[in-house]
J.: 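I am attaching a structure below and will ask some questions about it afterwards.
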Amino acid sequence: PHFIIYLPKSQKNVCFNIDSEPGKILNLVSDPESGISVNGQLIGGKKPKNGKLSTYFGKLGFYFQSEDVKVEISTETITLSRGSRTSILSWSDTAHLINQRVRVSLKKEKTVTITLDKEMSFSVLLHRVWKKHPINVDFLGIYIPPTNKFSPHVHGLIGQFMHEPKIRIFNERPGKNLEKPEASLEVKGHTLTVTRGLQKDYRTDIVFGTDVACWFVHNSGKGFIDRHYKDYLVPQLYSFLKW
Amino acid sequence: SVSGESGEMLEDDDKITLYSYKVQSTITSRSANTMIQSKVVNNSPLPQNVVFDVQIPKGAFISNFSMTVDGTTFTSSIKERTVGRALYSQARAKGKTAGLVRSRALDMENFKTEINMLPGAKVQFELHYQEMKWRRLGAYEHRLHLQPGRLAKHLEVDVWIIEPQGMRFLHVPDTFEGHFDGVPVVSKGNQKAHVSFKPTVAQQRKCSTCSETAVEGELVVMYDVNREVKAGELEVFNGYFVHFFAPDNLDPIPKNILFVIDVSGSMWGIKMKQTVEAMKTILDDLRAEDQFSVVDFNHNVRTWRNDLVSATKTQISDAKKYIEKIQPNGGTNINEALLRAIFILNEASNLGLLDPNSVSLIILVSDGDPTVGELKLSKIQKNVKQNIRDNISLFSLGIGFDVDYDFLKRLSNENRGIAQRIYGNQDTSSQLKKFYNQVSTPLLRNVQFNYPHSSVTDVTQNNFHNYFGGSEIVVAGKFDPAKLDQIASIVTATSANAELVLETLAQMDDLETFLLRDKHADPDFTKKLWAYLTINQLLAERSLATTAATKRKITKTILQMSLEHHIVTPLTAMVIENEAGDERMLADSPPQDPSCCSGTLYYGSKVAPDSIPSWVNPSPTPAVPLHLKAAPVMEATPPPHVIRVEND
């Protein structure tokens, strides 16, 4: 999974990858105060490519504790559960599921948008691949706007950046590869070496994406994210971070 | 004489030979057309009466009949009934009769033609009828009644099924007690299937030395379509559209259910025994989140409990014991029984004891007319209508033929339910259970179908109180192909835990290529389904019409449609005449049997097809700002991860 964090005040994009294993669940947003958690479960490609198995988000879980609503989005179905009752839609439908404050809007074979009242929204994109591809598998992307109103203590791989950290990028210089400049990134008391690169935003073009230039933090975001990425592994799709 | 295989004789003692008996049935997206053809030869030196007697499903519409007698062809035309009768009386055919005879069978009626054949004469009969396949308990069932009456040199039954949605399963159960094991041949693809039944003469014999035919019964084909992928299917063709809606993957909505059981004296014996047996199974099937009670009535009304109770094991066990102890006797006070049931539900609702997301049902089981209390059926109907709340559905089961089924049907249709007649014999239990199973799993409430474009017209009933698992709601309509090349639909409903808004878009030519590729596919299927639904809904509306003027208006529309679509309905008759027009027969529909058979589980209502409920606000996807900082194009790091499906 490729993370792109847009920092509105600094007007900069910072990106990092999390390289974990299929089956693991990463916490993206943990906000016990608002009662919201967002987690993503990893799946692997059909087989390794160049000795490396790619991982993607195959399932995303949204928990809205105050509504007792859980939304699970996989590459096949979209499930809304409230208490013990469930409604399931498939990606072949265009539909809306409305449960009091939570609205799930599904656009056939494209996106699911979850809104909580009108204050918060989350978009999930479906990436369908050619079924017979020897390596690639269907996967999901998630987009969370920085305007979402979380509590001051929200955390998670994405949530921690809702309250924007101060950063300073300086000393831009040629990198080891002349075409990939490097720079120094000062954040959270660390000074990190970052590399200029391009990531993709697929919201307007699901196949080719739109290039997003960003400063890439190596080693699974070490120094940019709080603690280590393994601290963001959670046991279930609706878990909150314990620490 | 005409010989069979190995020179064996096929004639019966009366020297009549059945040369061929063919049944061909094509189902295109639940629209079924069936042709039955029989060729007979009279090998006797004497004239003989020959009967062409076929059973057709009640609710099917006969669309054509022809008969060729030694080169003279009789063809049919559809006329308004009085016109048909008048034509018939002008030129009654000699030695020939035809008619539609209502049978005591619950779901079939007989079409019978009898002619007097001269020695050596050859006759060919051919009948066509149309019907719609309704989904029940998770499958469509296509029944073909085979009754050649004697051994046939060529007996061929072919069923072609074409379902664009794709078939989830198809099978042909054994309905001949194993006699024809291995004879039906099934070939099934994803969207098409063919079932063939062609027993040889030897296979047709009841035993190796018998001359009677074992082909007497029903060939049944059961299938269902794929539903996992989409919740609904909108099919558009030739200026008509049909919308099939049967979502899976929904949790059941809790139900509040009141069983109102007739325990008058006439229920004594096998009827009560069977009812008790069915009720025990039904009670065991209740879910923990359901609430229920039992009201039994004769000239008095009793309740097992005065209120609804949760369907716990203890309560169910207690209710079963109560029912087992009932001894039928006395008269029948339907009015009080229903009012008591309605009162229990209303009280529970007033006290806030009902889950706001639950569904309320009353199931009335009765075998006779009221004999105590309010006797006037129209007054009972009025009392129920005045007291029942909008969120309660009333379903009625009439046991046997002594009950006024028409009354039960009106009562139920008026109160968001349906009625059904069942036999009062050793099958009562299974029929009762089967009926209950159709309503035991409510999955959606308040289902409304909207087609926002103004070019969409003549939409059939599009507003339904409930949707039950295992069934299917079908809505159809017309549109102007010159103004629209696609149909948009918005279906709104409430599930166990959410409001649902389902949007579907179907293109005009989505089906064209698919249908053109198969010679068996019926290109008129959308039109026929629309006509079938409309006529049946109009017939039901007609029986509920409160004024003569309304009734006349509906009658006129039904008649117009029946003539336009060339089908025999309760308002039309089939005139069968020779080329000269001097010999006629009349196949006149029996008086409308109210126990027949729109076939549907739903009696809905109509709302303007573009009137989307106010709470539906299909909001556009929120504009999430795209925070892209302009940057020089650089080689991406890490390695590119674009997945390009087209270039694979």
Side-chain angles (χ1 to χ4, degrees), chain A residues 2 6 8 11-13 17 54 69 77 80-90 92-99 103-105 107 111 113 115 121 123 127-130 132-133 136 143 145-147 177 179-181 195-201 203-204 207-213 216, chain B residues 227-232 247-254 288-289 357 443-444 488 490-505 615-648:
Chain A
H2 298 160
Y6 174 65
Q11 295 258 305
K12 298 260 190 295
N13 293 310
N17 297 349
S54 296
V69 165
T77 56
L80 184 145
S81 305
R82 183 161 186 250
S84 59
R85 295 176 201 162
T86 313
S87 300
I88 304 178
L89 293 173
S90 93
S92 301
D93 287 313
T94 295
H96 310 274
L97 279 169
I98 303 160
N99 183 288
R103 182 186 184 104
V104 178
S105 297
K107 209 177 231 188
T111 57
T113 305
T115 51
S121 74
S123 289
H127 293 265
R128 280 258 191 258
V129 304
W130 178 45
K132 291 185 183 172
H133 195 283
N136 295 343
Y143 295 78
T147 47
N177 181 334
E179 288 173 11
K180 295 181 190 174
T195 308
R196 196 72 176 148
L198 287 176
Q199 289 289 25
K200 295 282 188 180
D201 181 339
R203 286 172 294 179
T204 49
V207 176
F208 298 103
T210 309
D211 285 339
V212 177
F216 183 81
Chain B
R227 296 177 194 286
E228 299 84 11
V229 175
K230 283 194 283 189
D248 254 340
N249 289 327
L250 296 168
D251 271 356
I253 296 176
E289 62 265 26
N357 293 326
L443 297 181
L444 292 171
I490 300 175
V491 181
T492 60
T494 307
S495 74
N497 63 350
E499 306 293 338
L500 175 68
V501 179
L502 197 68
E503 296 173 25
T504 311
L505 206 60
W615 57 266
V616 173
N617 191 15
S619 50
T621 309
V624 181
L626 301 178
H627 299 291
L628 307 176
K629 187 171 189 283
V633 174
M634 307 218 37
E635 186 182 320
T637 60
H641 53 277
V642 172
I643 312 298
R644 289 195 179 86
V645 174
E646 303 88 80
N647 292 345
D648 282 332

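Naming: A, B, ... by sequence-line order, numbering from 1 per chain. Because the structure is a prediction, the values reported are computed rather than measured.
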J.: Are B:Val501 and A:Ile98 side-chain neighbours, meaning at least one heavy-atom pair lies under 4.5 Å?
T.: yes
J.: After noting the C-alpha distance and the side-chain angles of A:His96 and B:Glu499, does the key distance pass the side-chain hydrogen bond (donor to acceptor under 3.5 Å, both in side chains) rule?
T.: CA-CA 8 Å; A:His96 310 274; B:Glu499 306 293 338; over 6 Å; no
J.: What distance separates A:Ser87 OG from B:Leu444 CG, expressed to the nearest 0.5 Å?
T.: 8.0 Å
J.: Out of B:Thr504, B:Leu505, B:Asn249, B:Asn497, return the one with the most heavy atom pairs under 4.5 angstrom to chain A.
T.: B:Asn497
J.: Does A:Asp93 have any side chain to side chain donor-acceptor pair (under 3.5 Å) partners at least two apart in sequence or in another chain, and if so, which?
T.: none
J.: Is it the backbone or the side chain of A:Ser54 that comes under 4.5 Å from a heavy atom of chain B, or both, or neither?
T.: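 Neither the backbone nor the side chain of A:Ser54 comes within 4.5 Å of chain B.
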J.: So what's closer than 4.5 Å to chain A heavy atoms on B:Pro254: side chain, backbone, both or neither?
T.: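 Just its side chain gets close to chain A.
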J.: Side chain to side chain contact (heavy atoms under 4.5 Å, CB included), that's the test. Do A:Ile88 and B:Leu250 meet it? Break it down for me.
T.: CA-CA 6 Å; A:Ile88 304 178; B:Leu250 296 168; over 6 Å; no
J.: For B:Asp248, check side-chain contact (heavy atoms from CB on, under 4.5 Å) against everything at least two apart and list the hits.
T.: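 For B:Asp248, the residues satisfying side-chain contact (heavy atoms from CB on, under 4.5 Å) (neighbours in sequence not counted) are B:Arg168, B:Arg227.
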J.: Could you check whether any side-chain heavy atom of A:Leu89 comes within less than 4.5 Å of a side-chain heavy atom of B:Leu500, counting everything from C-beta outward?
T.: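 A:Leu89 vs B:Leu500: side chains touch.
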J.: Give the minimum heavy-atom separation between A:Leu97 and B:Ala498, together with the two atoms involved.
T.: CD2-CB, 3.9 Å
